[in-house]
Undergrad: 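One structure, as structure tokens, below. Some questions next.
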Amino acid sequence: MSREAVDQPPMVGRQAELRAVRAALSSPPTHRRGVLIAGSAGVGKTRLAQEVAAGLAVAGWRLLRAHASGSGTGLPLAALAGLIPPLTPAIPLTPTTPSPATPVQSALAGLRAAVGGTRSVLVIDDAHLLDEVSAAVVHQLVADGTVPVLVTVRTDAPAPEAVTALWKDAGVRRVDLAPLSPPQTEALVAAVLGGPVEGRTLRRLRDAAAGNPLLLRELITSAREAGLIDRPAGIWRLAGPLDAAPRLTELLGSRLTAADPAERDALELLALSQHLPLPAAVAVAGSATLEVLERRGLVTVVTVDGQQIVQLSHPLYAEMLRAATPELARLRHSRRLADTLEAAGQLHGANVMRVALWRLDGGGDIDVDLMLSAAREAAYLREYELAARLAQRAYEAGGAVAAGLAAVRALFQLGRLDEAVRRCAELSRSAAAGPGHGDAERTQIAIQLAVILVHGADDVAAARAALDAVAATDPGCRGQLDAVRLYLRAYQLDCSVVAPALALFHTAGSVDLRLAAAGAASCGLLLAGRFAEADKLLADVVPVAHRHIGPGQVQSDGFPAAVASLLVDLPDVAGALAAAESTYQASLQPPDRVGQALAAFFLAKIALLRGRPATALRWANEAYLVADDVQLRGVRRWAAGLRLQAAAQLGDLTTAGQAAADLDRYPGGPHAVRLFDIELARGRAWLATLSGGDTDHGLRLLEQEVVRHGTTGAVGAGTLGALDLVRLGGATVAVRLLTDHPPPHGWALGRVVVDYATAAADRDAAGLLRVARDFSGYGMPLHAAEAATLATAAAASGSRDRAGAGDGRAAATARLLADRELARCERPTTPALRWGRRPTAGLTGREREVALAAADGESTREIAARLHLSARTVENHLHRAYTKLGVAGRAELRAALAAR
């Protein structure tokens with residue numbers, strides 16, 4: 001990305017304001033007074049004015065630019081000096097000579113002469129800096145209609161009365177620019193960087209900029225110059241803290257300079273505390289100091305839940321101040337904050353965690369229960385770095401196994417797997433040696449270790465061995481161990497776990513046991529395609545699992561992904577997209593990297609279903625990167641499989657090769673989690689068709705995976721593998737596999753896959769067209785286009801063999817349906833589309849374009865206007881299309897293309 005791309009950010013989120021400014025300047029000359037764009041510093045006033053001025057220049061307007069410097073020279077008319085023509089040399093005064101004109105009169109005369117009846121506009125950036133005389137001249141020029149203005153002013157700075165009078169009295173339209181909304185800011189980030197941005201990075205930049213485009217530009221520029229932002233796998237990502245950006249320090253550092261020690265201490269205290277109740281803030285900083293800082297715009301008072309809270313006015317201030325606070329001062333402030341809240345009796349809610357953290361940093365007596373409670377609260381808020389520190393301190397102060405396990409769970413969420421495994425080993429030795437430790441603690445340690453080994457290390461066998469090492473005698477503990485064993489079996493595609501897992505779920509006496517049992521049962525049900533049962537189970541367990549932070553946290557975090565998986569495979573594309581997007585957004589703040597990786601993975605799956613391989617590649621790349629950050633080997637491998645599919649469907653051999661190399665780097669092996677292994681086989685098969693290699697080998701790999709799924713009962717996932725066999729030319733094999741391992745009765749998509757395989761194997765044009773309409777109705781346009789394209793070829797072939805007019809019409813109808821569905825996709829290139837692109841006696845290009853528009857509900861007049869044709873020509877094209885398609889009008893045309 002060039003430096004210029006950052007220095008001149010694109011116009012994003014200002015379309016309404018841009019239209020308003022242009023409308024005001026395009027009004028009739030008698031009413032045209034101009035526009036005043038108002039807003040705070042950095043909100044985009046100058047950028048908007050530049051966009052409008054550039055458009056006016058292209059349209060032939062003459063731009064008269066004044067320069068308001070605010071330099072304090074004291075010279076009147078300094079801003080307009082470059083626009084005023086030189087005055088006639090002075091003439092010696094005589095009794096009959098008129099009195100000389102005033103500076104204002106001379107300037108008015110000169111500027112009126114400069115305008116000279118041309119279509120001109122007076123452009124002034126930062127008009128609040130105009131000297132009083134220049135402001136008076138500008139006001140008079142506007143008031144008498146000499147020239148309209150395009151001016152910008154800051155709302156947080158005083159302006160001359162004549163400038164204010166422009167919009168109050170002189171008819172100039174005022175357009176206020178508010179800070180960009182969060183979606184607008186995110187769109188601007190992506191536009192400035194020129195590509196997709198990892199979600200957590202996007203949220204950090206958005207929150208730090210607080211809707212200010214200038215600040216956002218400086219953030220991105222500074223991060224790039226400091227090497228804090230990179231682009232692995234085509235996804236922009238921050239690799240360090242924003243407070244390390246030097247340009248940002250230059251931009252904001254002067255605002256935070258405080259010569260008074262009390263002011264400096266108050267700013268540092270608020271930076272460490274994030275926010276304080278007003279009484280506590282007054283106690284630590286003093287009301288007079290806070291008032292000074294509020295007047296300087298550095299602190300603000302807001303009301304939250306009926307309580308007045310004092311905080312710094314911008315989130316970046318806190319980051320910069322914390323980074324610049326000396327260590328001894330930080331320790332002193334931490335002790336003071338903890339003492340203040342404890343003395344005020346404020347140890348409740350979020351303050352528990354804050355006081356514990358201040359004690360952790362500043363010293364003082366350590367309360368183990370306080371530290372452990374704070375660690376749990378931090379985990380609930382997904383502040384895992386903090387949770388790990390607090391739990392570790394509680395463990396060191398005598399918190400024993402409960403504190404140690406809290407630290408393990410936080411370390412796992414941070415991707416620090418080696419530390420987590422070592423801590424489990426340490427806890428196991430402690431539990432074995434201590435006389436007070438029983439089955440419950442040993443069981444929890446083993447389960448936590450198994451969770452790390454299966455989700456992080458991707459080693460089901462090691463996880464099972466960790467469980468088997470515990471010889472529990474307590475029935476409840478044995479039940480918990482059995483539930484996790486069922487969970488591990490489900491991860492190996494063993495769908496026989498469903499019945500015992502459901503039995504455990506319904507009889508479980510603890511939340512953790514219910515979650516483990518539900519995790520096993522839901523996995524088995526989804527793999528088997530028993531979606532109605534899975535839907536009922538997930539409806540029961542999701543409310544129980546919401547933000548659970550105990551031993552079953554990993555299972556609870558996986559249930560939103562299970563919901564998305566259910567909706568993807570039903571298929572309910574719209575519902576799946578809404579669920580996955582909601583989960584993804586929730587994972588960004590507070591940060592949940594595991595949840596983010598899973599949500600991105602499912603967003604990639606959904607995008608493939610929607611015929612959007614470019615979007616799928618973007619999400620699969622993010623899933624891979626985030627999973628790599630937190631060492632989720634399984635998710636990393638599955639994401640590589642989706643990257644292969646997406647790249648192959650785009651015809652991108654280079655990206656597909658990179659994804660294949662990543663997949664080879666993290667092979668599964670016999671003891672790996674197999675939950676989404678079907679995606680790996682699908683990816684390998686797609687790669688074979690793209691690379692020109694051994695296509696049959698790729699199809700055989702996919703066939704073997706479908707068989708393996710079928711023999712374990714995972715016929716739901718296996719059916720989706722068979723679907724790709726049909727798409728890649730293996731319809732006959734797919735028919736055999738679906739006969740041997742049929743999808744469950746009542747699953748609509750499973751039925752359509754069977755119909756597709758049969759129709760493709762038999763080259764049944766009518767059957768393929770019915771399948772295409774089914775896929776279209778499910779929101780799967782690429783699948784629909786492929787089936788319709790195959791129907792086109794089959795019908796055309798039948799027409800040539802039998803010289804049947806009916807088959808010719810069927811071919812044209814199928815081609816029209818394929819074109820409509822492909823228009824909803826992201827330019828894919830797939831084998832089915834290539835095979836079916838054979839010459840037909842179908843519609844011409846213009847006939848196809850007009851027929852599609854008519855089927856979508858456009859009137860003849862609308863089509864004619866859009867295509868620059870006469871209405872008669874449009875009707876002629878339509879009637880020829882009707883004849884070729886064998887339909888009698890628009891209604892039958894829509895019916896021919898209608899989705900079920």
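Since the structure is predicted, the reported quantities are computational estimates derived from the model, not experimental observations.
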Undergrad: What distance separates Leu768 CG from Thr792 OG1, expressed to the nearest 0.5 Å?
TA: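 Reported to 0.5 Å precision, the distance equals 9.5 Å.
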Undergrad: Measuring only between side-chain heavy atoms, which start at C-beta, is Arg820 closer than 4.5 Å to Leu816?
TA: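 The answer is no, as the side chains (C-beta and beyond) never meet within the 4.5 Å cut-off.
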Undergrad: Checking the side chain of Thr739 only, and the main-chain atoms of Val735 only, is there a donor and an acceptor separated by less than 3.5 Å?
TA: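 Side chain of Thr739 to backbone of Val735: a pair is present.
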Undergrad: Before accepting this row, confirm whether a basic side-chain N of the pair Glu705/Arg674 lies closer than 4.0 Å to the acidic partner's carboxylate O.
TA: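 No.
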Undergrad: Checking side chain to side chain contact (heavy atoms under 4.5 Å, CB included) for the pair Val707/Leu737: CA distance, chi angles, key distance, verdict?
TA: CA-CA 7 Å; Val707 170; Leu737 296 179; 3.5 Å; yes
Undergrad: Can you check whether Ile235's main-chain N or O pairs, donor with acceptor, with Glu622's side chain at less than 3.5 Å?
TA: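 A pair under 3.5 Å: no.
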Undergrad: I need the Thr732 OG1 to Arg736 CZ distance, nearest 0.5 Å.
TA: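 Answer rounded to 0.5 Å: 9.5 Å.
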Undergrad: Is any side-chain heavy atom of Leu680 closer than 4.5 Å to one of Leu701?
TA: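 No, every pair of side-chain atoms sits at 4.5 Å or beyond.
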Undergrad: Can you tell me how far apart CD (Gln645) and OG1 (Thr830) are? Round to the nearest 0.5 Å.
TA: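 Taking CD in Gln645 and OG1 in Thr830, the distance rounds to 13.0 Å.
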Undergrad: Working to the nearest 0.5 angstrom, can you tell me the gap between Leu723 CG and Met780 CE?
TA: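 If I round to the nearest 0.5 Å, the distance is 6.0 Å.
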Undergrad: Check whether any side-chain heavy atom of Pro743 sits under 4.5 Å from a side-chain heavy atom of Val753, and report yes or no.
TA: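 In short, these two side chains do not touch, never coming nearer than 4.5 Å.
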Undergrad: Determine the minimum heavy-atom distance between Ala190 and Val197, stating which atoms define it.
TA: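 The answer is CA-CG2, 4.1 Å.
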Undergrad: On a heavy-atom basis, which atom in Pro560 and which in Ser556 lie closest, and how many Å separate them?
TA: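 Taking Pro560 first and Ser556 second, the nearest heavy atoms are CD-O, 3.5 Å.
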Undergrad: Does any N or O in the side chain of Ser565 come within less than 3.5 Å of the main-chain N or O of Ala561, such that one atom is a donor and the other an acceptor?
TA: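 No: the side chain of Ser565 does not pair with the backbone of Ala561.
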Undergrad: Quick check against the 3.5 Å criterion: does Thr758 have a side-chain atom that pairs as donor or acceptor with the backbone of Val754?
TA: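 Yes: the side chain of Thr758 pairs with the backbone of Val754.
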Undergrad: If every non-hydrogen atom of Leu644 is compared with every non-hydrogen atom of Ala656, which pair is closest and at what distance?
TA: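 Taking Leu644 first and Ala656 second, the nearest heavy atoms are CD2-O, 3.2 Å.
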Undergrad: Go through it in stages, so that I can follow the logic: the residues are Leu577 and Leu603, the test is side chain to side chain contact (heavy atoms under 4.5 Å, CB included), and I'd like the CA-CA distance, side-chain angles, deciding distance and then a yes or no.
TA: CA-CA 7 Å; Leu577 185 60; Leu603 284 167; 3.9 Å; yes
Undergrad: Between the side chains of Thr655 and Arg643, is a donor N or O closer than 3.5 angstrom to an acceptor N or O?
TA: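 On atom types as modelled, these side chains do not qualify, holding no pair under 3.5 Å.
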Undergrad: Less than 4.5 Å apart, any side-chain heavy atom of Arg610 and any of Thr615?
TA: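 Result no, sub-4.5 Å side-chain heavy-atom pair not found.
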Undergrad: Just wondering, more than 12 heavy atoms not from Arg827 lying within 6.0 Å of its CZ?
TA: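 No, CZ of Arg827 has 12 or fewer neighbouring heavy atoms, counting only those of other groups under 6.0 Å.
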Undergrad: Going by heavy atoms in the side chains, are Leu527 and Leu675 under 4.5 Å from each other?
TA: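 Touching, per the 4.5 Å side-chain cut-off.
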Undergrad: Answer whether the closest heavy-atom distance between the side chains of Lys605 and Trp638 falls below 4.5 Å.
TA: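 Lys605 does not reach Trp638 side chain to side chain.
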Undergrad: Mind listing the closest non-hydrogen atom pair of Phe601 and Ala623 along with its distance?
TA: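 Between these two residues, the closest heavy atoms are N-CB, 3.6 Å.
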Undergrad: Decide, yes or no, whether a salt bridge links Arg682 with Glu679 under the criterion of side-chain N to carboxylate O below 4.0 Å.
TA: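 Counted as a salt bridge, because a side-chain N and a carboxylate O are separated by less than 4.0 Å.
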Undergrad: Is it the case that the side chains of Thr689 and Arg727 hold a donor-acceptor pair, with the cut-off being a distance below 3.5 Å and no angle test?
TA: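 No, because no side-chain N or O of Arg727 sits under 3.5 Å from a partner of the opposite role on Thr689.
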Undergrad: Give a yes or no on whether a salt bridge exists between Arg708 and Asp677, defined as a side-chain N under 4.0 angstrom from a carboxylate O.
TA: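 Yes.
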Undergrad: Salt bridge between Asp774 and Arg770, side-chain N to carboxylate O under 4.0 Å?
TA: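 No, no charged N to carboxylate O under 4.0 Å.
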Undergrad: Measure up the Tyr882 and His879 rings against each other and bin them: parallel (under 30°), tilted (30 to 60°), perpendicular (over 60°).
TA: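 Tyr882 vs His879 ring planes: perpendicular.
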Undergrad: Distance from Ile678 atom CD1 to Leu702 atom CG, nearest 0.5 Å?
TA: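 Taking CD1 in Ile678 and CG in Leu702, the distance rounds to 5.5 Å.
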Undergrad: Would you sort out whether Glu533 and Lys536 count as a salt bridge (Lys or Arg N to Asp or Glu O under 4.0 Å), showing the intermediate values?
TA: CA-CA 5 Å; Glu533 296 169 81; Lys536 182 178 183 306; over 6 Å; no
Undergrad: Looking at OG1 of Thr719 and CG of Asp569, how far apart are the two atoms once the value is rounded to the nearest 0.5 Å?
TA: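 Reported to 0.5 Å precision, the distance equals 10.0 Å.
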Undergrad: Measure up the Tyr584 and Trp619 rings against each other and bin them: parallel (under 30°), tilted (30 to 60°), perpendicular (over 60°).
TA: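 The arrangement is perpendicular - the two ring planes meet at more than 60°.
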Undergrad: Does any non-hydrogen side-chain atom of Leu538 lie less than 4.5 Å from one of Phe559?
TA: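 Side chain of Phe559 against side chain of Leu538, heavy atoms only: contact under 4.5 Å found.
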Undergrad: Given the rule in the side chain to side chain contact (heavy atoms under 4.5 Å, CB included) test, do Val850 and Arg846 qualify, once you have shown the distances and angles that lead to the verdict?
TA: CA-CA 6 Å; Val850 170; Arg846 182 64 85 182; 4.3 Å; yes
Undergrad: Quick one: do the Glu826 and Gln649 side chains pair a donor with an acceptor below 3.5 Å?
TA: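 No, no side-chain donor-acceptor contact under 3.5 Å.
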Undergrad: Quick one, Leu608 and Leu642 - any side-chain contact, counting heavy atoms below 4.5 Å?
TA: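 They are in side-chain contact.
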Undergrad: Looking at Gly519 and Tyr487, what are the two nearest heavy atoms and their distance?
TA: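 In terms of heavy atoms, the two residues are closest at C-CD1, 3.7 Å.
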Undergrad: Please name the pair of heavy atoms, one in Ala814 and one in Ala791, separated by the smallest distance, quoted to 0.1 Å.
TA: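 Shortest heavy-atom contact: CB-CB, 3.9 Å.
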Undergrad: Mind running side chain to side chain contact (heavy atoms under 4.5 Å, CB included) on Leu833 and Leu822 for me, showing each step along the way?
TA: CA-CA 10 Å; Leu833 296 177; Leu822 274 178; 3.8 Å; yes
Undergrad: Would you confirm whether Asp535, through its side chain, and Phe531, through its main-chain N or O, come within 3.5 Å as a donor-acceptor pair?
TA: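 Side chain of Asp535 to backbone of Phe531, a donor-acceptor pair under 3.5 Å: no, none is there.
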Undergrad: Any salt bridge between Arg684 and Asp724, counting N to O under 4.0 Å?
TA: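 Salt bridge flag = no for Asp724 with Arg684.
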Undergrad: Between Asp458 and Arg637, does at least one N-O distance fall below 4.0 Å, as a salt bridge requires?
TA: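 Salt bridge: yes.
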Undergrad: Do the rings of Phe602 and Phe676 sit parallel, tilted or perpendicular, given the 30° and 60° boundaries?
TA: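 Judged by the thresholds at 30° and 60°, the geometry between Phe602 and Phe676 is perpendicular.
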